[in-house]
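Everything on this sheet refers to the single structure shown next.
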Amino acid sequence: DVKVTQSSRYLVKRTGEKVFLECVQDMDHENMFWYRQDPGLGLRLIYFSYDVKMKEKGDIPEGYSVSREKKERFSLILESASTNQTSMYLCASSLIDGYGYTFGSGTRLTVV
Amino acid sequence: GNSVTQMEGPVTLSEEAFLTINCTYTATGYPSLFWYVQYPGEGLQLLLKATKADDKGSNKGFEATYRKETTSFHLEKGSVQVSDSAVYFCALSVGNQGGKLIFGQGTELSVKP
């Protein structure tokens, strides 16, 4: 069964900490995405990547960065966590044409 | 720009009731349209999709028809079950944007026995 795996289901971090959210896919997909999910706002795209070492900003990139050193792994980095980054973070991957979108189970991050 | 608007939830139905969740979109170009479902504690799963006007996507008793004239993609099911309780997301992708999905805000469905 193909999978997108996010390293943590729940995380609690302190304001100002550097936070790494990891995502790994085993489907050899070219595209990888990070979304955040908030009640009433749906899913909003933070960053995405079409290839190794390639990244593009989504709709809400402020306060975040990403890293894609290997095709299967896409990391989301919060350089200095703030309380307004408390959210559910969802990673997804897809084929180059956008089909075959598969989501991970999500990481619920709480910043205190 | 591209956007998706869904009816607000939560929607509460009795088992075996008819379900409609409205979805309308705005898009430059010719989008593909999707419905995703998120069960409690899980990520999103593709429920159905349609790639061109008048296509009907269907899966697990759910259906949605791509209506270009009304820019809509409403989700329907004739008889809901308790196990259908979840959050439903309408989404679109436009081919020249490399597969990015744009989501609506989600509609929570609760089905009571």
Side-chain angles (χ1 to χ4, degrees), chain A residues 1-10 21 23-25 27 29-51 54-61 66 74 87-108, chain B residues 1-11 21-27 29-52 55 57 59 75 86-108 110:
Chain A
D1 195 17
V2 294
K3 279 187 178 177
V4 174
T5 303
Q6 294 184 231
S7 54
S8 305
R9 289 299 299 270
Y10 300 95
L21 302 183
C23 175
V24 177
Q25 51 100 358
M27 295 165 284
H29 282 171
E30 291 85 1
N31 298 346
M32 295 189 76
F33 306 85
W34 276 106
Y35 290 87
R36 65 177 281 177
Q37 181 181 4
D38 299 288
L41 297 176
L43 276 71
R44 293 178 292 167
L45 182 63
I46 305 171
Y47 267 97
F48 59 103
S49 169
Y50 293 139
D51 202 352
M54 177 274 171
K55 60 186 178 183
E56 288 200 25
K57 294 180 180 179
D59 299 318
I60 53 164
V66 290
F74 192 37
S87 186
M88 170 71 85
Y89 290 88
L90 291 168
C91 176
S93 70
S94 78
L95 296 167
I96 191 68
D97 58 3
Y99 288 98
Y101 240 86
T102 303
F103 280 86
S105 297
T107 297
R108 184 166 295 282
Chain B
N2 301 319
S3 66
V4 176
T5 303
Q6 291 179 233
M7 65 185 287
E8 289 192 18
V11 173
I21 300 178
N22 291 337
C23 171
T24 57
Y25 67 90
T26 302
Y30 300 97
S32 295
L33 301 173
F34 306 84
W35 276 100
Y36 281 81
V37 58
Q38 184 179 36
Y39 298 104
E42 298 184 13
L44 276 70
Q45 303 173 25
L46 178 64
L47 181 59
L48 55 84
K49 67 182 181 184
T51 58
K52 62 183 186 295
D55 270 3
N59 186 26
L75 182 68
V87 181
Y88 292 82
F89 292 91
C90 186
L92 68 82
S93 70
V94 180
N96 63 357
Q97 295 194 9
K100 286 189 296 181
L101 283 177
I102 296 168
F103 289 87
Q105 70 270 39
T107 302
E108 182 179 0
S110 177

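Chain letters run A, B, ... following the sequence lines, proteins first, then strands; residues in each count from 1.
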*Nearest-0.5 Å distance that lies between atom CG in A:Asn31 and atom OG in A:Ser49*: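 Atom-to-atom, A:Asn31:CG and A:Ser49:OG are 8.0 Å apart.
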*Has B:Glu8 got more than 12 heavy atoms of other residues, nucleotides or ligands less than 6.0 Å from its CD?*
no
*At a heavy-atom separation under 4.5 Å, does A:Gln37 approach chain B through its side chain, its backbone, both, or neither?*
side chain
*Considering only heavy atoms, which portion of A:Arg9 lies under 4.5 Å from any heavy atom of chain B: side chain, backbone, both, or neither?*
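Contact with chain B involves the side chain of A:Arg9 alone.
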*Could you pull out all residues at least two apart from A:Arg44 that satisfy side chain to side chain contact (heavy atoms under 4.5 Å, CB included)?*
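Only A:Arg36, A:Asp38, A:Leu41, A:Ile60 meet the side chain to side chain contact (heavy atoms under 4.5 Å, CB included) criterion with A:Arg44.
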*With A:Leu45, which residues qualify under side chain to side chain contact (heavy atoms under 4.5 Å, CB included), at least two apart?*
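For A:Leu45 the side chain to side chain contact (heavy atoms under 4.5 Å, CB included) partners, ignoring immediate neighbours, are A:Phe33, A:Tyr35, A:Phe48, A:Asp59, B:Lys100.
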*Under 4.5 Å from a heavy atom of chain A, the part of B:Gln38 involved*: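 For B:Gln38, the contact with chain A is made by the side chain alone.
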_Is B:Leu44 in contact with chain A via its backbone, its side chain, both, or neither, using a 4.5 Å heavy-atom distance?_
both
